[in-house]
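Note on naming: letters A, B, ... go to the chains in the order of the sequence lines (proteins, then strands), and numbering restarts at 1 for each one.
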Protein chains: 2
Amino acid sequence: MLEQNLKYKEVLKREGVKSTRHRFAILELLEQSESPVTAEQLFILLREKTASINLSTVYRTLDTFTSKNLVIKSNRVDDGKVRYELNHHEHKHHLFCVGCHKLISLEECPIGELQQTLKKKLDFEVTGHNLEIYGYCHNCQRIHS
Amino acid sequence: MLEQNLKYKEVLKREGVKSTRHRFAILELLEQSESPVTAEQLFILLREKTASINLSTVYRTLDTFTSKNLVIKSNRVDDGKVRYELNHHEHKHHLFCVGCHKLISLEECPIGELQQTLKKKLDFEVTGHNLEIYGYCHNCQRIHS
DNA sequence: TTGCAAATGCAACCCATTTGCATCTCCTCT
DNA sequence: AGAGGAGATGCAAATGGGTTGCATTTGCAA
């Protein structure tokens, strides 16, 4: 077994779910992808990459991983598709381009310093937040204007 | 015609769309509702309240209103349903206290200056955003700690 | 009042996601 | 190593929010 897969095997065992080649492949693809992907994107990549897999298996696997907190499931955005990404246990935000549906990762959380301001000014103790930013990326600005 | 409806009639005329009883009813319901509603919720209310209406008319009307900026269409949340609310033409964010469920209004939008930063650094043209902040208000901090 | 574009109802459709069920495959326990 | 059982998968059908084509109705400008 590949070294990579041994690592995955441990993770899955720790979470109490079985190790299968599909799950290894999905974890590997998620690890390789830079931005959150849809179930269908994964499905297509899996078909190219490895043996055949069923779309419902992809969905079920992603659900399993999400419930184990291995994967983060994003809210549907404008195109009506849910996106998944590996949970790196770090706080992250994205820019969503409404032109080409690309997701761009933000380096740092824009809410970070706000948190202290709110504590000082309003004595409000922030425990969490959601932030989604829409707009046009560099490329799509040319097309849409 | 009701006074209320006269007001709506003007608004719709200004936007260049026809005035119909369905549209009046939808505007009225949106005005009455305190939080964003789904198309189906509206549909059910409309059935109770007025004469019959078709669900696709509700969707089409909401789309029309959204394109005219009379209504704000929110992203689907976890339940997979889009929600609509009247556009009061004010950009606002709230702090949501998870202790007492109180909403505290923020004076200004914390994303405002971020918008220019993103344009400069990434050439990303922001067109909109969602921000929800959770935490404990002054009172609830005492109770929960 | 008339004519026509816009609005509506209806039924059929779309498409992302879910589900029921039969089969297969891991993994634990001998 | 092998057997048995729980969990995973494939397949096809279903679900459900939302959309669309088309015939009919309605608002409204001239």
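- For the OP1/OP2 pair of D:dT9 and a distance below 4.0 Å, the side-chain nitrogens and oxygens of A:R21 include no atom meeting the criterion.
- Within the structure, every side-chain polar atom (N or O) of A:T61 is placed at least 4.0 Å from both OP1 and OP2 of D:dA8.
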Name the pairs: protein N/O against N/O of nucleotides 19-25 of chain C, kept only if under 3.5 Å.
from, atom 1, to, atom 2, distance (Å)
C:dG20, O6, A:R60, NH1, 3.3

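- Side-chain N or O atoms of B:Q141 include one that pairs as donor or acceptor with a backbone N or O of A:D123 at under 3.5 Å.
- Separating the CG atom of B:D63 from the P atom of C:dT8 is a distance of 13 Å, rounded to the nearest angstrom.
- Closest approach to the A:I53 side chain among D:dG10, D:dA8, C:dT17 is made by D:dG10 (side chain taken as heavy atoms from C-beta onward).
- Following rounding to the nearest Å, B:L55 (CG) and C:dC10 (C1') show an atom-to-atom distance of 12 Å.
- Applying the salt bridge (Lys or Arg N to Asp or Glu O under 4.0 Å) test to every pair with at least one member in residues 102-111 of chain A, sequence neighbours left out, gives no pairs at all.
- Contact check on A:K49 versus A:E28 returns a salt bridge, with a Lys/Arg side-chain nitrogen under 4.0 Å from an Asp/Glu carboxylate oxygen.
- Between A:P36 and A:H94 the shortest side-chain heavy-atom distance falls below 4.5 Å.
- Between B:S19 and B:N54, the residue whose closest nucleotide on DNA chain D is further toward the 5' end is B:N54.
- Between the NZ atom of B:K73 and the P atom of D:dG17 there is a distance of 15 Å, rounded to whole Å.
- Defining each end axis of the helix from C:dT1-D:dA30 to C:dT30-D:dA1 as the rotation carrying four pairs' C1' atoms onto the next four, with five pairs an end, the two axes are found to diverge by 30° to 10 degrees.
- Atom P of nucleotide C:dC14 and atom NZ of A:K81 are separated by 16 Å, given to the nearest angstrom.
- Straight-line distance from the CZ atom of A:F65 to the P atom of D:dT9: 8 Å, rounded to whole Å.
- No donor-acceptor distance shorter than 3.5 angstrom exists from the side chain of A:T57 to the backbone of A:I53, with no hydrogens or angles considered.
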Report, one line per pair, each donor and acceptor closer than 3.5 Å where one atom sits in a side chain of residues 13-26 of chain B; sequence neighbours left out.
from, atom 1, to, atom 2, distance (Å)
B:T20, OG1, B:R23, N, 3.2
B:R23, NH1, B:K18, O, 2.9

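- Here C:dC26 presents its P atom at 18 Å from OH of A:Y8, a figure rounded to the nearest Å.
- A donor-acceptor distance shorter than 3.5 angstrom exists from the side chain of A:N87 to the backbone of A:N69, with no hydrogens or angles considered.
- Atom CD1 of B:I44 and atom P of D:dG16 are 14 Å apart (whole Å).
- As a whole-Å value, the separation of B:H22 NE2 from C:dT8 C1' is 7 Å.
- For CD of B:E113, the number of neighbouring non-hydrogen atoms (other residues, nucleotides, ligands) closer than 6.0 Å is 12 at most.
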What protein N or O atoms touch nucleotides 13-15 of chain D N or O atoms at under 3.5 angstrom, if any, and at what distances?
none

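- Among residues two or more places apart in sequence or in another chain, the side-chain hydrogen bond (donor to acceptor under 3.5 Å, both in side chains) test is passed with A:Y8 by A:Q4, A:E31.
- Using a 4.0 Å heavy-atom cutoff across all strands shown, B:S52 reaches sugar-phosphate atoms only and no base atom.
- An OP1 or OP2 oxygen of C:dT18 is reached within less than 4.0 angstrom by no side-chain nitrogen or oxygen of A:Y59.
- Taking the side chain as every heavy atom from C-beta outward, B:V82 and B:T38 never approach each other to under 4.5 Å.
- In this structure a side-chain-to-backbone donor-acceptor pair under 3.5 Å is missing from B:E10 to B:K7.
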Where do B:H93 and B:H129 land on the side-chain hydrogen bond (donor to acceptor under 3.5 Å, both in side chains) test, with the steps shown first? CA-CA 10 Å; B:H93 296 292; B:H129 63 263; 3.0 Å; yes
